[in-house]
Every structure is written in structure tokens, then in C-alpha cells.
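Take a look at the structure set out below.
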Amino acid sequence: MIKKILIANRSEIACRIIKAAKEMGIKTVAVYSEIDKEALHVKLADESALIGPAPANQSYLNQDILIETALKMGADAIHPGYGFLSENYEFNQKVREAGLTYIAPNVVAMKLLGSKTSSRQTMIDAGVPVINGFQSETANIDEFKSKAIEIGFPVLVKASAGGGGKGMRIVRSADEFEDAFNASSREAKSAFGDATVFVEKYVENPRHIEFQVAGDSHYNYIHLYERECSIQRRHQKVIEETPSTALSDELRNKMGEAAVEAIRAVNYDSVGTVEFLLDNDGNFYFLEVNTRIQVEHPITEMTTGIDLLKLQIDIANGKEIPYKQSDITQRGHSIECRVYAEDAEKDFIPTGGKVLYHRPPTGLGMRYDTGITTGSEISPFYDPIMSKIISYGSTREEAIERMKLALKETVILGVKTSMDFMYRVLCNENFLAGNTYTNFLEKNPEVFENNSDNSELAAFATSLINISHETENEDTPLPWQIIGEWEIGATK
Ligand code: MV4
């Protein structure tokens, strides 16, 4: 049985894993780079170890250091979290060869699902709906072009080793095909070291619906319903929710069954996510399987009542999933907003800085998963996610109102965040109507305009004056030291 887990990650997901382990009576080892020495995940873990300088490839991506540290610290398992090495099947292999339990699916499944072309073929063989397309290890560009003409434009050229839209090219006519194909292949080679591309019919303006799934080493497979993830910016999810306003119970069950068949086909033995595209006629198509816990897992936990990290650890311990499909129920509505250190009004440039004051939201139906605290340094070396606000309500409207409250209540002074932007999304009439497609941000550009004043911030800053006078705490920064240049009522 797992007694001590080394978490090969940082920030909010490392904190989340540590909390699940603590509830299970499992010891934890945090790893940190030189600039993460004071980070929250280090404080929460039972033990910690420095693994190298700030750059990820010298620390959180350094496979040998992570395995050596796990062995040195007496850990018997490694949890990769998401990002970093979480979908790297070679690391998966190395961890297991070192005699450690790896809290992830088996190497064969991870490797197969890491290739879009082998995934597609596996799903076609398993009867999971796949977009009409063509893939080949041997065909030349002319054969791909004639297949594209057969499929019918627009088509999408995609990188087999790709993810997050990298290497994707929309082709709307035959004369554009060769340039697009070559560009996609070049980008795939430079980004993933694998130039393999394939062609699919382009599904116009789809929804991005994903299903949480879980499989174990006893060949049990379940789904835990969907997450609506269509509001994305450059293939980065912004706001996620469950249930999706687009699914009828019939469609939901059909997609859930397809998601279960997708993981059964590869003997999947961990938690994971099956991504689908849903077109405007209610047809759904397999996209890919994410072989890790995902950023947005909390909304599924809120509506099913199941702790996905504890389930993932139990499966890695060789346990059977303690639920049959009929035990999994959806109740209420949950929304997640990711809080990034980014400036949404300046094309989401990373902001960074020192968190001078942090106040999480509180109240009924609010959950806050965070990797920061007052004093945290937000580094440019890593993904700028700081926290996730998760709201829960018995209806979508209640979950939205609670999220809006939470976004207003959460205070992160010293670092510009994306919270105002998300507040505007939640007030947008298309969002409120459930018209959330992958082109939402393109169709609703007003959500990028910041026309709010700083009056609330000023009122809060004023309250700090009272606190500092009352507490006579000399090192409490004065409000204008915290928020920089501002005028009450100013529009910027
Ligand atoms: C597609 C698609 C439409 N048609 N494939 C985006 C990255 C990866 N998750 C797969 N993605 C898509 N694949 C076909 N055949 C639409 C998406 C897609 C998307 C595309 C462009 C801009 C934003 C998008 C967000 C989610 C999915």
C-alpha cells in the first residue's frame, strides 16, 4: 500500500494532491525549485526537497532528479499532477522501473493515447464515433490531398503528437492544401519531434464537451459525466461548467457510454478525460483522451460528490473502483473560473509579481483551490495559474450568482489577474443563455473591455488603513503601496 507520495508538481494541483493524501493518512513529499522554496505546496507537505534551479527543464521536468529524490526521501509513489511530465510515457516507464508506484494509467495505454492517429484507429475499431478523416504512415502529400478533396473542404490538418491546437491548420480549398499540410508538419516536428499529421473534416463552431472517466486494474470502467469546456482562448480553457446546457439526458448517456468504451478499448487504469466535439446537429465525435487529472476536475467532484484524487490514488493502490455506473449521479450545477496572473485587457500577457494581500472567497457553495498565499511570488517560469474558484448551486443561475460573488470577494493585491474578465463573461447574455461554443470569445469581444472603476478596490484599500492603524502593524503595506497609481472613480 502507498505510504508516501512524492508530488512531481507545484502550485494549486500539488496542494490539492497533498490534501487528498493527508485525508488518506498518506505522507507527502513536495519538490521545489530554488524560487519555490517558500511556496504554499512546500509548506503543506510533510517533507520537501530542492530539485534544482527555476527553469522547468532543470527542475520539474528533470526526470532523473525526481526519481532519485523519491527514492532518497523514501517515497513509494509519485503523482505527476497535470502539465509537466504528466503525459510523458517514458517517465511513466522509468518510475515503474525504479520500483515506484506511478499514479497514472499504465504505460501502454498512455503511449497509445498520446498519439492522435493511434487513438483514432483504436476508437474506430471500438465503435466510438470519430470524425471523418484520413491518416497514414506511408501516404504522400498528393494522396493526402486527394483524400481531403474526397472528405470535402473545409478540412483540418492536425499533428498526431499534438495537443492544444498546436500544428492545427484549417484548409478551406484544394489550392491551400499543400502549404497548410507542410506548415502543420513542420510545426509538429519542431513542437513535438514528430512530423506525423492527419486530416479530418472540420466541424464548424463545435462545443468542446469532455467526460470524466475512471478505469481500474480489474477491468472496471465508469464515467462521471461531462464538463462543458467550450470557452477557450488559444486552446486554453477559461471557464468550465457541469452539466452542459447542450446535452439532453439521452445524448449525455450516449456520450458517457462512448467514453467508457474508449477507455475499455485500452485497458485504462486510472482517472482520465475523454474529449469530444459536439456539432450543432447533436452529433458527437471523439477528439482525444487526456491521461491525467485535469485542472477542471473540481466541478465534477462538486456535482458527483466523489473525490477524484482519492479515487486515482486508490486505483494506483490496486483497489477496485467502489462504484458501479448506476451509483454515479449528477446533482446541481458547478462552475470553475481559473485565476491566472494575466492581463486580459492586454492580450493576456503574463503579469506576475508578489501577492501583497490574499483573501479567498467564502460562503455557501464556494470552493477555492489555490497554490498561493499572501507573500507568494508569481514566477514567469511556470504556468501562471494561481487559484481556481469553484461555485456550486442547485441551479445554473445560482452557481453563476455565487461565482460572481466569489470573483468580487476574492482579493489578490499586488498581481493583476483575470478575475475582472471572467466576471464580464459571467454577465454576458450569451453565456447566461448557455450559448457557449468554441468561438464564444471571438463572438463576444466586449468581455475583453474593462470599463469598471476602482471604487470597490479603493473602499477595500481604505479598510486596510483602518486595519493598519488599529493593529499599529508597521509593516502592513499602505493601500497605495499595494495597488500603485489609482484614483477613486478612475476608469482605468
Ligand atoms: C477540431 C475542431 C473542429 N473540427 N477538429 C482543438 C485542439 C484539440 N483539442 C482539438 N481541437 C479541435 N479539433 C475538427 N475536425 C475544433 C477543435 C477545437 C477548437 C478549434 C479551434 C479553436 C478553438 C477550439 C477549441 C476547442 C476545440
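Just so you know, ligand 1 is whichever comes first in the structure, and atom 1 is the first atom listed for that ligand.
Looking from atom 2 (C) of ligand 1 to the surrounding protein, the closest heavy atom is L277 CD1, 3.3 Å. The protein atom (non-hydrogen) at minimum distance from atom 22 (C) of ligand 1 is H235 CE1, 3.4 Å. With hydrogens left out, the protein atom closest to atom 14 (C) of ligand 1 is L156 CD2, 3.5 Å, a heavy atom. The shortest contact between atom 4 (N) of ligand 1 and any protein heavy atom is with V203 N, 2.9 Å. Protein heavy atom at the shortest distance from atom 11 (N) of ligand 1 is M168 SD, 3.9 Å.
Residue-level proximity to ligand 1 for N439 is absent, since no heavy atom of it falls below 4.0 angstrom.
Ligand 1 places these atoms under 4.0 Å from at least one heavy atom of E275: 9 (N). Each of the atoms 9 (N), 26 (C), 27 (C) of ligand 1 lies under 4.0 Å from some heavy atom of H208. Listed by number with element, the atoms of ligand 1 under 4.0 Å from a non-hydrogen atom of G165 are 7 (C). Shown in contact with E200 at under 4.0 Å from a heavy atom are these atoms of ligand 1, numbered in order with element: 5 (N), 14 (C), 15 (N). Proximity to E288 (heavy-atom distance under 4.0 Å) selects the following atoms of ligand 1: 8 (C), 9 (N).
Taking the six-membered ring for Trp and the full ring otherwise, the centers of F348 and F421 sit less than 6.0 Å from each other.
For the pair I390 and I335, the minimum side-chain heavy-atom distance is 4.5 Å or more. When side chains are defined from C-beta on, M255 counts as touching F211, because their heavy atoms get closer than 4.5 Å.
If you run side-chain hydrogen bond (donor to acceptor under 3.5 Å, both in side chains) between K237 and each of Q232, E210, H208, only E210 comes through. The residue from I78, I17, I103 that alone fulfils the side chain to side chain contact (heavy atoms under 4.5 Å, CB included) condition with I7 is I17.
The pair E275-K116 does not meet the salt-bridge criterion, since no charged nitrogen lies less than 4.0 angstrom from a carboxylate oxygen.
Under the 30°/60° scheme for interplanar angles, the aromatic rings of Y60 and F84 are found to lie parallel.
Among K158, E204, R234, R233, the residue whose heavy atom sits closest to atom 5 (N) of ligand 1 is K158.
Between the side chains of E398 and H333, not a single donor N or O lies within less than 3.5 Å of an accepting N or O.
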